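Input: a single structure, listed below in structure tokens.
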Amino acid sequence: MSLALTRLLQLASPALPVGAYTYSQGLEWVVESRLVHDQATAGQWIGGLLEEGIGCFEAPLTACLQRAWIAADLGEVTRLNDDFLASRESSELRAETLQMGYSLRRLLHDLDDFTVPPALDALPETAFPTGWALAAAAWQIPLADSLAAYLWSWCENQVLAALKAVPLGQTAGQRALLQLGGRIPAIVQRALVLPEAEWSNFAPGLALASSLHETQYSRLFRS
């Protein structure tokens, strides 16, 4: 048992007060359009985004952010933070990461024995992965472990959104998490070595779903 493990569990917990549960990242719209309507289609949608979107861009970028915080390379932190914000393809997706990043930064300020570096506060806008990577670096969480937890948290939030929106039963949700969780180790290993020239957030389905969600008549989620 290590302190880093308990800190990682805290960072990845749904109880982390950053508001992740209020977002579906377009999933609510694909449910409304009946593209997702059961466990199988929910797994296909979430798994596709995990492999081709989150895993090929957000994951390697978050890993590089943690490396940059460890190395105190503040210029690299700023560049990666700006790159992530520029990659958000709808106003909802951008507002989501900014709200969660702001909430995490405020939480880190309020935690005992956590020193927030001036570089974080100097950022005009903080993306959520930037704050997450800082916390993981400060708590000396191994990079592969923090990245796996980051991806797990994303999957868990997507499945929880599907439970409410489809809706799915609790057992179906756990089956989906088993399948998604089994894919995370390979995605982490790829993300840790993926050259930046090969990063890609090409996910037109997500961009369209998120954009269309902005005018969806009846909504449970903010994105």
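Because the structure is predicted, anything quoted here is derived from the model rather than measured.
In this structure, Val188 and Ala144 approach most closely via the heavy-atom pair CG1-O, 3.8 Å.
Inter-residue side-chain proximity for Thr97 and Pro129 is flagged as met; some heavy-atom pair is nearer than 4.5 Å. Contact of the Ser2 side chain with the Leu5 side chain is registered, since non-hydrogen atoms from C-beta on lie closer than 4.5 Å. Annotation: side chain of Gln99 is in contact with side chain of Ser103 (closest heavy-atom distance under 4.5 Å). Considering only heavy atoms from C-beta on, Cys56 stays 4.5 Å or farther from Asn201 through its side chain. Considering only heavy atoms from C-beta on, Ser153 comes within 4.5 Å of Trp132 through its side chain. Residues Leu98 and Thr126 form no side-chain contact, since every pair of their non-hydrogen atoms from C-beta on lies 4.5 Å or further apart. Side-chain contact between Leu16 and Leu107 is present, with heavy atoms from C-beta onward closer than 4.5 Å. Residues Thr41 and Leu35 are not in side-chain contact: their nearest non-hydrogen atoms beyond the backbone lie 4.5 Å or more apart.
The cationic atom of Arg88 (NZ for Lys, CZ for Arg) lies less than 6.0 Å from the six-membered ring centre of Phe84 and within 45° of the ring axis.
Interatomic distance, Gln179 CD to Ile46 CD1, rounded to the nearest 0.5 Å: 10.5 Å. With values rounded to the nearest 0.5 angstrom, Glu32 atom CD is found 14.0 Å from His37 atom NE2. Interatomic distance, CG of Leu65 versus CG of Leu61, reported as 5.0 Å (0.5 Å rounding). To the nearest 0.5 Å, atoms CG (Leu8) and OH (Tyr150) are separated by 13.5 Å. Distance CD/Gln66 to CG/Leu192: 9.5 Å, rounded to 0.5 Å. Between Cys155 atom SG and Ile54 atom CD1 the span is 9.0 Å, to the nearest 0.5 Å.
Applying the side-chain hydrogen bond (donor to acceptor under 3.5 Å, both in side chains) test to every pair with at least one member in residues 191-200, sequence neighbours left out, gives these pairs: Arg79-Glu196. Within the structure, salt bridge (Lys or Arg N to Asp or Glu O under 4.0 Å) contacts touching residues 35-63 (residues at least two apart or in different chains) are Glu51-Arg183.
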Check the pair Leu80, Thr130 against side-chain contact (heavy atoms from CB on, under 4.5 Å), reporting the backbone distance first and the verdict last. CA-CA 8 Å; Leu80 292 168; Thr130 306; over 6 Å; no
Test side-chain contact (heavy atoms from CB on, under 4.5 Å) applied to Tyr23 and Leu93, step by step: CA-CA 9 Å; Tyr23 299 102; Leu93 290 176; over 6 Å; no
Test log, rule side-chain contact (heavy atoms from CB on, under 4.5 Å), inputs Gln44 and Val36: CA-CA 9 Å; Gln44 290 170 1; Val36 168; over 6 Å; no
Going through the distances and angles, do Trp69 and Val77 end up as a side-chain contact (heavy atoms from CB on, under 4.5 Å)? CA-CA 7 Å; Trp69 280 120; Val77 167; 3.5 Å; yes
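Glu125 has no carboxylate O lying under 4.0 Å from a charged side-chain N of Arg105, or vice versa, which leaves the two without a salt bridge. Using a cutoff of 4.0 Å between basic side-chain nitrogens and carboxylate oxygens, Arg219 and Glu92 are scored as salt-bridged.
With 3.5 Å as the limit, one finds no donor-acceptor pair spanning the side chains of Gln25 and Ser223.
With sequence neighbours excluded, the residues that form a side chain to side chain contact (heavy atoms under 4.5 Å, CB included) with Arg106 are Tyr102, Asp110.
Considering Ser91, Ser90, Ser24 as possible partners of Ser210, the one that fulfils the side-chain hydrogen bond (donor to acceptor under 3.5 Å, both in side chains) test is Ser90.
Heavy-atom neighbours of Phe114 CZ from other residues, nucleotides or ligands within 6.0 Å: above the threshold of 12.
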